[in-house]
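See below for the structure under consideration.
All residue numbers refer to positions in the sequence shown, counting from 1. All of these numbers come straight from a predicted model, not from anything done at the bench.
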Amino acid sequence: MKLRIGIAVAVVMAVLVLVPVAAIIALGAYGSTIGGTVRSTSKSGVEISLTPSEGLPGSPVRIEGRKWPPRSEVAIFAHRSGKSGDSQRFPIARAISSRNGTFALEFVIPTGLAIGRSSQLFIEAESSGPGKSSVETSAVAFELLPFQNELTVKVIDSSTSRPLSGVRVEITNFLGATDTRGVTDPTGTIRFDGLSPGIVTVEAGLLDYRRNRIIVAVPKSGDASTVVELAPDPAKRLYFPVADPLDNGQIRVAGVDRASALRSDSVVNVPVTPPDIPASRLITNLSFFIPVNVESGADSPAQGLPDRLHAVFNYLSEQHRIRFYRRASSGPFAWYIGTSARGEILLVVEDPLSAIRLELRAIDPLTGDSRLLRHDISIHDVMPVASFDGTRYFFANRFRKRIEAVDIESGDSIASIRGVPGRIIRAASNPTGTHVYLLAFDGGIFVVDIEARSVDGPIAEVPGATWLASDKTGRRLYLVGPGLEALVVVDLDRDQSIHMAPLDRAAYWVWTDPEGPFIFMGQARGAEVTVVDAETLKVIERPELS
């Protein structure tokens, strides 16, 4: 079934009923409290009053309005300031003004709007009168009092039952908003008070442990306690290198734990260019990342980089002695496309004898030795992609309109399939390498069946997508792009149905961890990585790389 989303992901975001407060015009002062009532008058003259002016979330309040457009519908909103200074508005009630422009109604302050021990909530009224295009608004402040409750969380190792210190614990209320977060003490314990009552999610994460979340009921008053168990996981890292052109060609390498999605404890500087190369000729874009299994434990600066990273950067450094650098307008100088079945790192690198040719090499992680797999890759070709199991790679040539499947171990061709569209920009393999998915410039998605030697599609269209990846089950495709404000999911098991997981920032690339529960996304040279839970599609972490 052919689908098309004329994507304006702003529509997706609107489903969240988060209305920008920029729509408010002509607000006056947030009012003054007289007894138990708070009042406010906007510059347009409309008035509202709220009684009482403070209370617990869930408290009943009465709002009254004067001088509003007669016989008009008045919408009541609650809004609070976000962490970054922006605001979110939630519709909570509606009223109809009388002939003389007054209204009155009672409603309950939403419980889920309480964050932390106490916070200030703003109640607004909004109306567009008959024949009027302008919006009349007014706002008053309501002080949310903290709940008198306490939640004690203890985090332990699931295999030894020993308490774990330094665990980051986060509390999320039933609306999906983060109430608070903190770190466990040496006894593995942390206490939170003034929480929103009801069902909350307690999520805990620690390096080299699988992240875990549980559901807990928090009372309106009194104490509650819970225990969270974390299962240890061998130290696994994704290393994200970011070049600094002002630091003599240093590349800062930050590790992100694939089990917990937290950044590892160190950022390592790796010299990859001789200091005598002018800054204008230094590397400025190492845009991708290298998955590394660290079997020896923590990766601290004292221990240096793991052998696999040493081998890769040593190899890249040797290439600099020839002409292995990139001009500022060019793309990345090294592109990780996968790992072979024998554990070699597969990199696309610049051909030292050509300014427009690229090589596909397999680099031994222990010795640093490399073998050439392909040398006829043009900077205009679609970047090769490897199967998850590391047995084969695929090379799509948009000019010859064909795709080749090649055995990584022997170098023999498995298949050469014609009929590939000439407008392809990205390719992705399913886990077993039996199917390859091609993304076109217009967002069309095509499927190549390697065994049947056929090309089908487009099976779906996602305009604005510039990158796609298959999940580890082969049942889903994930797509992102600089112009998309959502992670787009194509469900291959359900007639190519399309879902969206809204993001608060666009992503340039997406990668699904074949061994872990997360999806990783980021920008070409971004300072952070967005980590999404593959099951819930919820953003759970944004490790900083700098």
Side-chain angles (χ1 to χ4, degrees), residues 149-173 178-193 195 199-218 223-240 254-268 291-309 472 512-520 529-536 538-545:
N149 57 25
E150 182 177 272
L151 174 64
T152 300
V153 179
K154 185 167 186 176
V155 185
I156 63 173
D157 185 303
S158 63
S159 60
T160 65
S161 296
R162 67 180 179 88
L164 296 174
S165 63
V167 179
R168 200 171 76 170
V169 180
E170 183 173 286
I171 307 296
T172 303
N173 64 29
T178 299
D179 262 4
T180 185
R181 59 170 59 96
V183 177
T184 58
D185 62 20
T187 67
T189 303
I190 183 172
R191 292 178 174 83
F192 302 100
D193 56 11
L195 295 176
I199 301 300
V200 302
T201 300
V202 179
E203 187 165 5
L206 181 65
L207 285 175
D208 303 329
Y209 284 84
R210 293 177 194 148
R211 184 185 292 262
N212 190 18
R213 67 168 68 96
I214 63 173
I215 303 299
V216 177
V218 176
D223 300 337
S225 63
T226 189
V227 176
V228 180
E229 296 185 0
L230 295 185
D233 204 4
K236 297 177 181 178
R237 301 284 186 268
L238 286 180
Y239 281 94
F240 295 84
V256 177
D257 184 16
R258 294 162 69 177
S260 66
L262 298 174
R263 203 192 82 177
S264 61
D265 57 353
S266 62
V267 176
V268 183
V292 177
N293 292 328
V294 185
E295 299 178 355
S296 58
D299 51 326
S300 65
Q303 292 175 319
L305 286 171
D307 289 341
R308 182 171 293 188
L309 273 186
K472 59 186 178 183
T512 57
D513 191 342
E515 300 176 349
F518 303 129
I519 302 169
F520 295 83
V529 176
T530 299
V531 185
V532 174
D533 186 296
E535 181 179 351
T536 64
K538 174 188 175 183
V539 176
I540 63 168
E541 203 65 58
R542 282 201 173 89
E544 293 185 357
L545 303 180

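Between atom CZ of residue Arg191 and atom OG of residue Ser225 there is a gap of 9.5 Å, rounded to the nearest 0.5 Å. Distance check, rounded to the nearest 0.5 Å: OG1 of Thr180 to CG of Asp193 gives 8.5 Å. Here the straight-line distance linking atom CD1 of Ile190 with atom NZ of Lys154 works out to 14.0 Å at 0.5 Å rounding.
Smallest separation of non-hydrogen atoms from Ser165 and Pro186: CB-CA, 3.7 Å. Contact detail for Gly255 and Arg263: the closest heavy-atom pair is O-CG, 3.2 Å. Residues Ala261 and Val531 approach most closely at CB-CG1, 3.5 Å, considering heavy atoms. Taking each heavy atom of Lys472 and Gly516 in turn, the nearest pair found is NZ-O, 2.7 Å. Minimum heavy-atom separation, Ala204 to Val228: CB-CG1, 4.0 Å. Among all heavy-atom pairs drawn from Phe518 and Asp533, the shortest one is CD2-CA, 4.2 Å.
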- Starting from the C-alpha separation in whole Å, work towards a yes-or-no answer on side chain to side chain contact (heavy atoms under 4.5 Å, CB included) for Leu195 and Val200. CA-CA 9 Å; Leu195 295 176; Val200 302; 5.6 Å; no

- Item | Candidate pair Asp223 and Thr152, rule side chain to side chain contact (heavy atoms under 4.5 Å, CB included), full reasoning | CA-CA 8 Å; Asp223 300 337; Thr152 300; over 6 Å; no

- What do the steps show when you test Tyr209 against Asp157 for side chain to side chain donor-acceptor pair (under 3.5 Å), and what is the final call? CA-CA 9 Å; Tyr209 284 84; Asp157 185 303; 2.7 Å; yes

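Applying the side-chain contact (heavy atoms from CB on, under 4.5 Å) rule to Asp185 yields the partners Thr187, Thr189; only residues at least two apart in sequence or on another chain are considered. Not counting sequence neighbours, the partners of Ala231 by the side-chain contact (heavy atoms from CB on, under 4.5 Å) test are Ser158, Arg210. For Ser161, there are no side chain to side chain donor-acceptor pair (under 3.5 Å) partners two or more places apart in sequence or in a different chain. Listed by chain and residue number, nothing satisfies the salt bridge (charged side-chain N to carboxylate O under 4.0 Å, His left out) test with Glu229 (two or more places apart in sequence, or in another chain). Residues that satisfy the side-chain contact (heavy atoms from CB on, under 4.5 Å) test with Thr512, not counting sequence neighbours, are Phe388, Tyr478, Ile519. For Leu262, the side-chain contact (heavy atoms from CB on, under 4.5 Å) partners two or more places apart in sequence, or in a different chain, are Arg168, Leu207, Arg211, Ser260, Glu541.
The pair Lys236-Asp257 does not count as a salt bridge, with every side-chain nitrogen at least 4.0 angstrom from each carboxylate oxygen.
Applying side-chain contact (heavy atoms from CB on, under 4.5 Å) to Ile171 and the options Val216, Leu151, Thr201, Thr178 leaves one that passes, Leu151. Put simply, the residue from Val183, Val155, Leu164, Asn212 that forms a side-chain contact (heavy atoms from CB on, under 4.5 Å) with Leu206 is Leu164.
Between Asp208 and Asp233, the closest side-chain pair of non-hydrogen atoms is not below 4.5 Å. Inter-residue side-chain proximity for Val218 and Phe192 is flagged as unmet; no heavy-atom pair is nearer than 4.5 Å.
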